[in-house]
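The next block holds one structure in the form of structure tokens; read it before the comments.
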Amino acid sequence: MKSLSTLFFLFAACTACASPEYVDANRTVAANSECSLKFNSLNLCGQMEWSQTPKNQTYTTFTLTLNDASLTAADLKVYLWMPSMGHGSAPVQIVDLGNGVFDIQQVYFVMPGSWEIRFEITKNGITDSYFHTLMIAR
Amino acid sequence: MRCFVALLFFLIPKITFAAACCGGGFAFPSLILNDDKHQLTVSLGHQKLKADALSGNEWIRRNDNNATTNLKIDAATIFGKNLQLGASTQTSYKTNNADPSSYNLGDSQLFLAHETFPELYFSRWKPHGITFLQLNIPTGTSIYEETQFTKLDGKGFYSLGAGLALTKSFKVWDFNFNADLHKSFARTFSQNGESITVKPNWGSIQTLGAGYNIGNYRVGTYISHSFEDKMDIESSTNSSSLSQSSYTVGLVGNYMVSLNHAFTLNYSNQTLLGKPQNTGLTEGITLSYQHRWTR
């Protein structure tokens, strides 16, 4: 009896009380600095600028500027992905503004947490990708 | 004494392990643990999503009234000398501040169990044990098929699990240990015209519980750990999710009206113990009614 009780409480002790670090609800990783998005295989870089702070379950938009004016929307793919949960979100819309500048619209995060914006660029038959991580608060 | 033994029917808590939306969650079957022919359990539960656990012990508080009320029915019947067959299904009503509320059909389960370690004579230490196989059937809608959160009540995968349930009573105390290992199988979904194949992996659950019995009443507690390995996702871009784990602590109260009828009240909380990873953490309460037909 005593040994069983000891075993039970040992199990409880091993798992220990939760001591989480609560994430700031407004913490968002930005990528506004020049060349924050790097596509090494293509020798390309880019930057993002949000129209507003991305939030959970709210449509938003960001502008993607790449340092190659010849790129078009056909060369670019953008996905939203949540690696911890194993799923994405609704497809975004890419609007080509010319000169390597794109409006990425209909950006919608379906839940709070750590997300990736996955960029994929194909140029001259070479494809390179960059995963930008950001935190979406509730 | 007979009442006490009968109370052991209810010591395995009615827990459903599931992430907020995703992953290969699994639920323990509602096994017949004693000398009955049939068993029917109806459970009404209410869970509230309290936080999202990220990697590295970071949590996000959830105050968006993300709640689920679910009704679950479990049935089991004995056949042959020591085999039993069971099934369960559930419906839910989900709400949050962002989406319209929705009624949903959840996943369903079938199980086959065997009394592998019967208690044929008194032993101070030897437990009563049942082994089982359980199949999860994805009758509910998963995150891979629907983006509206309140419409999600399924994992999305077929899962096959094998497990063991051990029970032991000593005077007015009882103890239980349950464990399972399950494998979820790959499935291809269509999302906005694009095909996505999700390949889940292995998962496991371990539960340890104890109870104290007073007449027709029992109070108990349990601790449970659930783990789901990472998933691989194949679409136009291949990727992987991260593994998920959570710890549940629960308090259980049982009242046996008669040998054929009993009620169970179960409080569970996933925010109290351990370092959960990549999953939603809930707090909930479930009221169960169980009817049994003796052999």
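Proteins get letters first, then strands, A, B, ... in listed order; numbering begins at 1 in each.
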| request: Any chance you could measure A:M82, atom CE, to B:S241, atom OG, to the nearest 0.5 Å? | output: 11.0 Å
| request: Can you establish whether the number of heavy atoms outside B:F227 located under 6.0 Å from its atom CZ is more than 12? | output: yes
| B:K199 NZ: over 12 foreign heavy atoms closer than 6.0 Å | no
| remark: dist B:Y247:OH -> A:C17:SG (nearest 0.5 Å) comes out at 12.5 Å
| message | So B:E58 and A:P20, do their side chains get closer than 4.5 Å, heavy atoms only? | response | no
| query | Is A:N43 atom CG crowded by more than 12 heavy atoms from other residues, nucleotides or ligands, each under 6.0 Å away? | reply | no
| task | Could you have a look at B:V198, B:N96, B:D99, B:V249 and say which one has the most heavy-atom pairs with chain A under 4.5 angstrom? | result | B:D99
| field | Toward chain B, the part of A:T58 with a non-hydrogen atom under 4.5 Å | value | neither
| remark: In terms of heavy-atom contacts, A:I136 and B:I60 come closest through O-CD1, 3.7 Å
| Distance in Å, B:L54 CG paired with A:Y22 OH, rounded so as to fall on 0.5 Å steps | 11.5 Å
| Shortest non-hydrogen contact from A:W81 toward B:I196 | CH2-CD1, 4.0 Å
| said: Need one label for B:T271: side chain, backbone, both or neither, based on atoms under 4.5 Å from any heavy atom in chain A. | reply: backbone
| Rounded distance (nearest 0.5 Å) linking atom CG of B:D52 with atom CG of A:N56 | 8.5 Å
| task | Measure the NE2-CD distance between A:H87 and B:E145 for me, rounded to the nearest 0.5 Å. | result | 13.0 Å
| Rounded distance (nearest 0.5 Å) linking atom CG of B:N57 with atom CD of A:E21 | 7.5 Å
| message | Take a 6.0 Å sphere around NZ of A:K38 and say whether it holds more than 12 heavy atoms from other residues, nucleotides or ligands. | response | no
| OH of B:Y212: more than 12 outside heavy atoms within 6.0 angstrom? | no
